[in-house]
Chemist: 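One structure is given below, represented as structure tokens, and several questions about it will come after.
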Protein chains: 2
Amino acid sequence: MDADWDDLKTVLALVRHGTLAAAGADLGVSYTTVARRVQRAEQALGEKLFERLADGYRPTDTARLVADYAHRMESEQTTLLRKIQGRDRRLSGKLVITAPQLLIGPYLAPVLDQFTRIHPAVDLQIRATNDLLDLNRREADLAIRIHDSPGDALIGVRLCAQQRASFASTEAAKRIERDPAAPIPWLVFADRPEIPKAAQDRCPNGRVRMVFDDMAALLGAAQAGLGVVRIPFFLGRSTPWLVQVPFLPPEPYPDVWAVAYDDIWRSAKVAAFRTLLVPHFRARRQDFVA
Amino acid sequence: MDADWDDLKTVLALVRHGTLAAAGADLGVSYTTVARRVQRAEQALGEKLFERLADGYRPTDTARLVADYAHRMESEQTTLLRKIQGRDRRLSGKLVITAPQLLIGPYLAPVLDQFTRIHPAVDLQIRATNDLLDLNRREADLAIRIHDSPGDALIGVRLCAQQRASFASTEAAKRIERDPAAPIPWLVFADRPEIPKAAQDRCPNGRVRMVFDDMAALLGAAQAGLGVVRIPFFLGRSTPWLVQVPFLPPEPYPDVWAVAYDDIWRSAKVAAFRTLLVPHFRARRQDFVA
DNA sequence: GCAAAGACACGCGTTTTCGCGCGAACCCGC
DNA sequence: GCGGGTTCGCGCGAAAACGCGTGTCTTTGC
């Protein structure tokens with residue numbers, strides 16, 4: 001009664017995904033191999049781990065127990081890999097940065113350009129996403145996030161404080177200035193589909209004209225003059241044909257952070273990147289507030 | 001940068017043993033395989049893990065780090081295996097009992113006999129040793145130990161309290177009774193090579209005649225009439241040709257315990273064994289004290 | 001009621017891994 | 001200085017693991 005560690009890993013993947021094919025894809029092997037390894041694990045442990053059903057493998061209680069401990073082993077492994085990576089003093093190899101899509105173009109690109117010139121041996125990869133990538137699973141080494149705090153077990157530095165304000169196309173902004181009493185058509189983002197309170201106080205005639213679930217589309221609509229959007233200063237200022245609607249008040253917005261796991265934060269590549277990143281944002285901090 | 005779990009296991013074994021051959025023997029594979037897996041692990045991690053020396057592999061700091069975390073993964077695995085084994089409700093398969101060598105013959109044998117008759121499907125294995133086997137590494141399921149407390153993370157039950165006293169061959173005992181003032185020749189065990197204080201008070205003329213490092217040899221010498229030994233009651237009473245030297249006082253001695261890991265303690269096979277073991281010792285508890 | 005899709009079982013050919021044997025380098029004791 | 005023992009490196013044949021293709025069953029949607 002002793003099991004191959006990779007077989008335990010396979011059981012974990014199968015419990016997670018439910019089907020041989022999905023587990024195999026996760027592990028990077030064919031589903032046939034998953035089936036064989038599970039069979040071997042069942043034999044080694046002397047316990048039935050799955051019920052073979054037409055729509056997938058259903059884990060038994062024992063399999064859940066195995067998966068639980070395999071998950072702990074996996075955690076140990078990822079921590080190990082982080083520590084090794086953090087001890088890496090070489091300025092070569094892969095470095096994965098993740099950042100909000102719309103921050104990359106106007107603000108991160110110069111840093112990236114400079115970094116690759118100084119450290120050509122580093123294989124720099126950018127993951128542009130608004131989702132929070134799981135740094136623990138090493139989906140990225142360093143994350144630039146717009147959040148109130150660095151979060152869980154992460155270490156980080158605040159790159160700059162932020163505010164947001166109302167922006168609209170030049171013509172739309174002029175129209176509002178000419179007739180402040182007219183109803184303002186708001187374009188809002190899906191996660192908070194209401195009109196900001198401070199703006200509503202100033203202009204009670206506001207109404208939500210459309211709701212978007214994509215920031216780029218929202219900006220496009222604003223550029224086309226469809227209405228007023230409430231976005232961070234950096235975004236409004238770096239988007240062509242948008243101007244701030246002056247008398248609508250700015251309001252607080254989460255700050256910009258650079259965060260990473262403690263070990264990786266101190267690694268050579270991340271440290272080198274930070275020496276460029278932090279001054280760059282600090283020099284432009286006035287772009288992010290009123 | 002992602003490593004096979006079995007490769008990490010191999011690095012752990014190699015750090016532990018220092019040479020390819022020893023690590024291979026531990027893992028049950030050839031040393032060639034160990035060398036190959038280590039090479040693969042180094043490539044996967046992008047770090048040098050060992051310095052190849054003429055007399056073995058010397059681990060780098062990174063390898064020690066890997067071994068540290070692989071050790072944690074191993075701990076998770078052994079805990080898992082214990083839990084699975086503990087959930088096993090079947091009265092079949094392997095059951096490993098360890099007990100002090102000299103307790104087995106006179107006291108454990110009847111229990112073993114009875115158990116194998118009632119549960120013939122259980123593959124009962126006895127490990128007779130005075131060393132403490134590592135229950136955590138699953139070297140044994142249930143241990144019968146002579147100790148003051150069950151110890152670390154173990155659960156257990158006290159089978160009986162114990163005392164020890166002085167025993168000698170019939171003739172030697174008579175000789176002492178006839179002439180209490182004559183010098184008593186003691187045969188003592190190597191871990192405590194001194195004459196017990198209480199006995200020395202009664203018979204100040206005692207002297208250490210020989211020191212033994214093996215209990216069976218010590219008993220043999222006592223049986224041959226070479227001197228007086230200080231042993232637990234059960235041992236003196238179950239050894240032929242030995243009698244208690246009456247006026248030398250008994251003294252305390254560690255109790256007899258049955259101990260196991262919590263999970264395994266409740267497993268079906270261990271529980272079944274306990275239902276025979278405990279009453280057996282309880283019924284004979286007077287054999288262990290004056 | 002029937003077609004399409006998803007999921008598993010099984011068998012076959014291929015790739016990878018493993019163990020063995022030989023030779024070289026080194027340490028140790030004499 | 002010189003054998004004996006131990007350890008590692010390398011190449012080859014055997015064995016195990018792997019991926020792919022096919023067939024069967026079940027579910028789902030029309």
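Convention: sequence-line order gives letters A, B, ...; per-chain numbering from 1. Keep in mind that the numbers below use all heavy atoms, side chains included, and drop hydrogens, waters and symmetry copies.
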Chemist: Distance check needed: dA7(C) P versus Phe50(A) CZ, whole Å only.
Modeler: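 The answer, rounded to whole Å, is 15 Å.
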Chemist: Between P on dC8(C) and CZ on Arg58(A), what's the gap in Å once rounded to a whole number?
Modeler: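 For the pair Arg58(A) CZ and dC8(C) P, the rounded distance is 13 Å.
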Chemist: Round to the nearest Å and state the distance from Leu14(B) atom CG to dT7(D) atom P.
Modeler: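 Computing the Leu14(B):CG to dT7(D):P distance gives 12 Å.
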Chemist: Does the Arg274(B) side chain pair with the main chain of Trp265(B), one donor and one acceptor, at a distance under 3.5 Å?
Modeler: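 Judged by distance alone, yes, a pair lies under 3.5 Å.
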Chemist: So which heavy atom on Arg90(A) is nearest to which on Lys269(A), and how close?
Modeler: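 Smallest heavy-atom distance, with atoms named: O-CG, 3.6 Å.
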Chemist: I'd like to know if Arg52(B) pairs up with Glu42(B) as an ion pair, taking the criterion as any Lys NZ or Arg NE/NH1/NH2 lying under 4.0 Å from an Asp or Glu carboxylate oxygen.
Modeler: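 Looking at Glu42(B) together with Arg52(B), the answer is yes, because their closest N to O distance falls below 4.0 Å.
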Chemist: How about Gln85(A) and Asp263(A): does a side-chain donor come under 3.5 Å of a side-chain acceptor?
Modeler: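 No, no side-chain donor-acceptor contact under 3.5 Å.
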Chemist: Between Glu42(B) (CD) and dG9(D) (C1'), how many Å, whole number?
Modeler: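 One finds 15 Å between C1' of dG9(D) and CD of Glu42(B), rounded.
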Chemist: For Tyr57(A) and dG6(C), is the shortest distance between a side-chain N/O and OP1 or OP2 below 4.0 Å?
Modeler: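 No.
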Chemist: Regarding Arg52(B), tell me which of base, sugar-phosphate or nothing describes its non-hydrogen contacts under 4.0 Å with the strands shown.
Modeler: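 Contact class for Arg52(B): sugar-phosphate only.
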Chemist: Return yes if the base of dC8(D) and the side-chain atoms of Thr32(B) contain a donor-acceptor N/O pair under 3.5 Å, otherwise no.
Modeler: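 When only heavy-atom distances are counted, Thr32(B) does not reach the base of dC8(D) through any donor-acceptor pair under 3.5 Å.
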Chemist: Determine whether a donor-acceptor pair (N or O, by modelled atom type, separation under 3.5 Å) exists between the side chain of His119(A) and the backbone of Phe115(A).
Modeler: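 It does not hold such a pair.
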Chemist: Rounded to the nearest angstrom, tell me the gap between atom CD in Gln39(B) and atom P in dT17(C).
Modeler: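 From Gln39(B) CD to dT17(C) P: 12 Å.
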Chemist: Which whole-number value in Å describes the distance from Leu53(A) CG to dC8(C) P?
Modeler: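 Distance, rounded to whole Å: 9 Å.
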Chemist: Protein within reach of the bases, or only the backbone? For nucleotides 23-30 of chain D, mark each nucleotide 5' to 3' as B, S or -, using heavy atoms under 4.0 Å.
Modeler: ---S----
Chemist: With respect to the phosphate group of dA16(D), does any side-chain polar atom (N or O) of Arg40(A) fall under 4.0 Å of OP1 or OP2?
Modeler: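 The answer is no; no side-chain N or O of Arg40(A) sits under 4.0 Å from OP1 or OP2.
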Chemist: Quick one about Arg127(A) and Thr98(A) (side-chain donor to acceptor, distance below 3.5 Å, no hydrogens or angles considered), yes or no?
Modeler: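 No pair is found: no donor N or O on one side chain lies under 3.5 Å from an acceptor on the other.
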Chemist: For a quick test of reading the model: is some side-chain N or O of Thr33(A) closer than 4.0 Å to OP1 or OP2 of dG19(D)?
Modeler: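 Yes, because at least one side-chain N or O of Thr33(A) sits under 4.0 Å from OP1 or OP2 of dG19(D).
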Chemist: Taking CG from Leu27(B) and C1' from dC18(C), how many angstroms apart are they, rounded to a whole number?
Modeler: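 Those two atoms, CG and C1', are 14 Å apart.
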Chemist: Measuring from the side chain of Ser30(A) (C-beta onward, heavy atoms only), which nucleotide among dA9(C), dC8(D), dG19(D) has the closest atom?
Modeler: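 For Ser30(A), the side-chain atoms sit closest to dG19(D).
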Chemist: How long is the line joining CZ of Arg37(B) and C1' of dA17(D), in whole Å?
Modeler: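 That distance rounds to 13 Å.
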Chemist: Are Arg87(A) and Thr62(B) close enough that a side-chain donor and a side-chain acceptor fall under 3.5 Å?
Modeler: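 Looking only at side-chain atoms, Thr62(B) and Arg87(A) do form a donor-acceptor pair, the distance falling under 3.5 Å.
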Chemist: Is any N or O donor-acceptor pair between the side chain of Arg36(B) and the base of dG9(D) shorter than 3.5 Å?
Modeler: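 No, no donor-acceptor pair under 3.5 Å.
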